[in-house]
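Each residue takes its place number in the sequence, starting with 1. Since we're looking at a predicted model, the values are computed, not measured. Both ligands and their constituent atoms are indexed starting at 1 by order of listing.
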Amino acid sequence: MQLSLEQQLSALSHEEIPAKSKAEIHRLATILLQKMTLAEKIGQLFQLAPPEANVEGLKWEHAESNASAQLISAGKVGSILSVVDSLTIFKLQKLAVEHSRLGIPLFFAADMIHGCRTGFPINLALACSFDPELIENSCKQIAYEIAHTGLNLTFSPMVDLVRDPRWGRVMESNGEDPYLNSQLAAAYVRGYQQGDFSSNYSVAACCKHFAAYGAIEGGREYNTVDMSERELRQHYLPGYKACAEAEVASFMTSFNIYDGVPATANKFLLRDILRNEWQYQGFTISDYTSSYEMLDHKTAKDEADVALQCILAGLDHEMVSTSYLDNLETLVETGKVSLNLIDEATLRILQFKFQIGLFDNPYKHIYANQEQYMRKPETLRLAHEAALKSVVLLKNEQSILPLKKNGVKIALIGPFADSNQVVGAWGSLAKDAECTSLVAGISALVGNENLMCLPGCAINDHDRSGFAAALELAQQADVVILALGEDQEMSGEAKSRAYLNIPGMQNELAILIKSLAKPLISIIFSGRPLELGWYAEHSDALLQAWFLGNESGNALANLLFGDANPSGKLAMSFPYTVGQIPVYYNQYKTGRPSPTGEYSLFRSSFIDVPNYPLFHFGFGLSYSKFEYKNLEIDKELLIALQQLTVCVEVCNTSGVNGTEVVQLYIECANFSVVRPLRELKAFRRVLVAANSSKIVEFTLTKRDLAYYNIEMKFTPEDRKYVVYVGGSSQAELSVEFSYQSEV
Ligand code: BGC
């Protein structure tokens with residue numbers, strides 16, 4: 001008797017597949033390649049987003065007449081985008097394996113960026129933890145969930161360096177610093193892939209968007225990027241390079257141009273840097289129709305020209321658009337593209353499929369009842385820890401926080417007071433309904449006897465009708481907590497903003513509440529740095545909560561009432577106002593610096609706003625008080641391959657245990673090119689017990705001093721360097737040493 005599809009799905013085997021050596025994978029892929037027709041090879045270079053699957057599940061019974069099914073059966077599809085339910089994935093995979101001539105399995109990919117079914121904090125929030133280990137562990141759990149949805153690859157990490165909060169995609173990033181970005185980038189890859197993505201519990205990762213997408217002009221989505229090669233190499237490339245070094249499975253190109261050439265057909269990026277300089281072995285994939293967009297960039301005359309330029313530049317796999325599928329065959333037949341180029345790209349896709357083990361078991365990640373593998377206690381525990389570590393305490397006058405658990409009447413006001421819409425953009429399979437709201441978190445922790453809650457207004461409309469009731473509530477309270485921000489849909493892809501205010505009537509509501517002169521705690525929910533000047537001035541405490549995912553309310557409650565101590569540090573500067581943008585800590589030195597950062601005639605400054613941001617990179621407070629002293633180095637002259645040891649004493653002068661992110665920056669004088677004011681070179685999270693201190697040790701080598709010099713050589717020069725160590729990018733303790741390359 002024929003088993004139903006559901007029964008077949010339930011009977012799938014998930015035996016672990018032994019990992020194969022690179023040589024074996026290459027051998028197997030080469031043998032298969034020899035059996036393939038040109039059309040089949042080109043088929044492997046195409047990623048399909050089946051509209052039927054997205055809309056209502058593939059119509060299996062009509063498979064014969066279904067366009068996607070026909071393509072798959074004809075061996076003209078290499079992978080599938082954004083199908084996330086096991087049964088549909090199973091159906092599609094069966095088509096490929098049982099109906100196509102060579103039975104080459106598909107791979108399945110989707111965007112699981114900050115969680116899969118369990119919602120973790122958005123990536124910019126996670127970056128504020130300055131905790132690569134947390135990110136690696138979280139990604140292991142996320143990979144476990146992804147690997148049980150039928151997917152083989154996640155389009156993460158996004159490692160575009162960002163300096164412009166108008167761009168909605170800053171929420172996906174690791175912020176503004178190349179070193180932090182690189183450390184976290186590698187942690188994501190290690191967590192997802194776990195060294196060996198042939199395992200049943202790991203998935204392949206994709207580093208995106210190559211390259212420099214974060215530098216789009218004016219923060220306007222899909223806009224132009226233009227920068228010097230030195231700037232590209234020094235600041236923008238390290239995050240991607242860290243992924244390549246961690247052997248990330250794939251690289252996605254970006255929508256922008258670099259040096260006048262769309263990234264998807266950019267030979268300098270894809271061949272010269274990625275393949276030749278970095279010796280990257282994985283495959284490259286375009287972003288969603290980014291290849292076709294060359295027609296709008298007006299750098300390709302037709303789709304055949306798109307295909308030609310992309311394959312010559314080194315693009316292996318085309319996402320959604322079909323320039324390869326429709327044109328490569330003719331391009332080969334007319335001698336415009338050599339068969340070698342097709343073979344090279346196809347081989348990479350086949351090798352990838354062998355590497356994940358899809359030829360051993362094409363159904364390895366497909367499970368019946370996938371839900372039972374989701375939201376496991378350990379995953380939720382990590383999501384909670386991640387949320388605690390992502391929140392940044394920006395102000396805490398007279399230690400108003402933490403709040404006492406008893407006897408304090410709290411008015412919780414604002415559109416985020418009782419909202420569970422805190423998954424954040426790119427929420428994957430996480431559900432708002434499973435996120436704890438702030439009010440639920442607080443009630444669960446301290447009960448609701450002294451807790452009153454009202455929205456006061458919506459996030460983004462002009463309705464003031466809720467003001468009066470909110471004001472009345474606030475009047476009865478001992479302390480007011482304002483929970484405000486931008487809607488989770490206001491950041492993410494295609495969500496650029498020209499204004500960075502808290503939208504709607506929320507500021508008016510805040511001003512009104514402030515007029516009661518009650519102690520005021522402001523909590524800001526957002527996917528990007530917003531203008532928080534008023535809140536910094538008028539709140540007694542200010543917390544940046546981002547979007548924290550499933551554990552949002554619980555984590556915030558723990559922090560508010562002191563069951564947890566804030567330890568997050570900003571991964572991105574917060575401007576006073578949009579007009580300062582870009583404002584970031586590692587700006588270049590100018591010829592006319594303002595000595596104070598304030599206005600100064602004929603100095604690089606503004607007449608109406610300081611040069612520095614409202615809150616700078618690396619800044620974040622704790623309920624503990626940290627002081628730094630005894631910054632020492634073990635030598636004043638560092639020669640060639642020696643190591644420099646830097647020690648500092650971190651004292652916790654408070655009665656509360658706390659974790660501090662100790663940060664080390666360098667500054668270099670008289671280099672052959674202008675360097676940034678400061679550059680982060682090391683950081684460490686250190687738990688320091690109440691009223692005690694800890695010695696923290698860092699080592700620096702010549703690599704940490706190196707920079708792309710006047711000859712575009714990445715090298716330290718024989719100069720004086722200053723080391724700063726402290727709790728933010730404005731660390732004050734410093735010590736000097738010199739570097740000498742020859743003994
Ligand atoms: C985004 C990518 C994403 C892709 C697939 C594009 O619009 O830019 O980051 O991976 O869609 O969903």
Side-chain angles (χ1 to χ4, degrees), residues 46-51 53-55 77-85 89 106-116 122-124 139 142 146 149-162 167-174 185 188-189 192 203-216 219-225 239-240 243 248-258 262-264 266 269 282-294 296-297 315-322 424-430 489 491-496 527:
F46 174 51
Q47 178 163 83
L48 171 79
N54 282 341
V55 181
V77 179
S79 69
I80 303 283
L81 170 68
S82 289
V83 176
V84 288
D85 86 280
I89 291 178
L106 302 161
F107 74 83
F108 293 84
D111 298 273
M112 300 283 164
I113 284 171
H114 52 100
C116 172
I122 59 168
N123 309 83
L124 184 56
C139 288
I142 296 169
I146 301 173
T149 56
L151 293 168
N152 315 113
L153 182 144
T154 176
F155 290 127
S156 173
M158 187 275 223
V159 298
D160 302 326
L161 191 89
V162 296
W167 192 41
R169 302 195 81 166
V170 301
M171 55 82 42
E172 294 172 56
S173 80
N174 294 317
Y188 273 97
V189 177
Y192 290 133
V203 289
C206 179
C207 168
K208 69 189 190 186
H209 308 82
F210 196 59
Y213 184 18
I216 49 174
R220 197 188 79 209
E221 187 63 297
Y222 312 130
N223 202 4
T224 298
V225 168
Y240 309 107
C243 289
V248 69
S250 57
F251 259 71
M252 187 189 293
T253 64
S254 51
F255 289 122
N256 55 279
I257 59 171
Y258 176 72
T264 304
N266 195 307
L269 292 174
F283 71 90
T284 55
I285 178 169
S286 52
D287 200 351
Y288 205 105
T289 63
S290 64
S291 43
Y292 270 3
E293 290 162 25
M294 291 166 64
D296 283 311
H297 279 118
L315 179 76
D316 299 326
H317 206 61
E318 188 177 10
M319 188 192 287
V320 178
S321 45
T322 55
W426 293 110
S428 311
L429 303 178
E489 295 306 326
S491 58
E493 186 177 351
K495 302 293 167 60
S496 296

Between [X] and ligand 1, does any nitrogen or oxygen pair lie at a separation below 3.5 Å?
X: K208; value: yes
X: E493; value: yes
X: D287; value: yes
X: Y288; value: no
X: Y213; value: no

Does any N or O in the side chain of Y240 come within less than 3.5 Å of the main-chain N or O of H209, such that one atom is a donor and the other an acceptor?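 Answer holds: yes.
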
Mark yes or no for whether S286, through its side chain, and M319, through its backbone, hold a donor-acceptor pair below 3.5 Å.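 Flag set: sc S286 to bb M319 pair under 3.5 Å.
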
Looking only at heavy atoms, is any part of Q47 under 4.0 Å from ligand 1, and if so is it the side chain, the backbone, or both, or is it neither?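 No part of Q47 is near ligand 1 at this cut-off.
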
Under a 4.0 Å heavy-atom limit, does M158 contact ligand 1 with its side chain, its backbone, both, or neither?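 Looking at M158 and ligand 1, no heavy atom falls under 4.0 Å.
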
Near [X], which atoms of ligand 1 are under 4.0 Å from a heavy atom of that residue?
X: R169; result: 1 (C), 2 (C), 8 (O), 9 (O)
X: H209; result: 2 (C), 8 (O), 9 (O)
X: F255; result: 7 (O), 8 (O)
X: F155; result: 10 (O)

Between [Y] and [X], do the side chains contain a donor N or O and an acceptor N or O under 3.5 Å apart?
X: Q47; Y: Y288; value: no
X: S156; Y: Y192; value: yes
X: Y213; Y: D287; value: no

Centroid-to-centroid, F283 to F107, below 6.0 Å?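 Centroid distance F283-F107: below 6.0 Å, so yes.
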
Apply ring pair (Phe, Tyr, Trp, His ring centres under 6.0 Å) to Y292 and list each qualifying residue two or more places apart in sequence or on a separate chain.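 Testing Y292 for ring pair (Phe, Tyr, Trp, His ring centres under 6.0 Å), a comparison that skips the adjacent residues, returns none.
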
Closer than 4.0 angstrom: is that true for some heavy atom of E172 and an atom of ligand 1?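 The answer is no: ligand 1 sits nowhere under 4.0 Å from a heavy atom of E172.
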
To the nearest 0.5 angstrom, please state how far the NZ atom of K208 sits from the OG1 atom of T284.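 Separation between the atoms: 15.5 Å.
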
Among all protein heavy atoms in this structure, tell me which lies nearest to atom 3 (C) of ligand 1, with the distance rounded to 0.1 Å.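 The answer is D111 OD1, 3.1 Å.
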
Considering all heavy atoms, the nearest G115-S428 contact: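 Heavy atoms of G115 and S428 come nearest at O-OG, 3.0 Å.
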
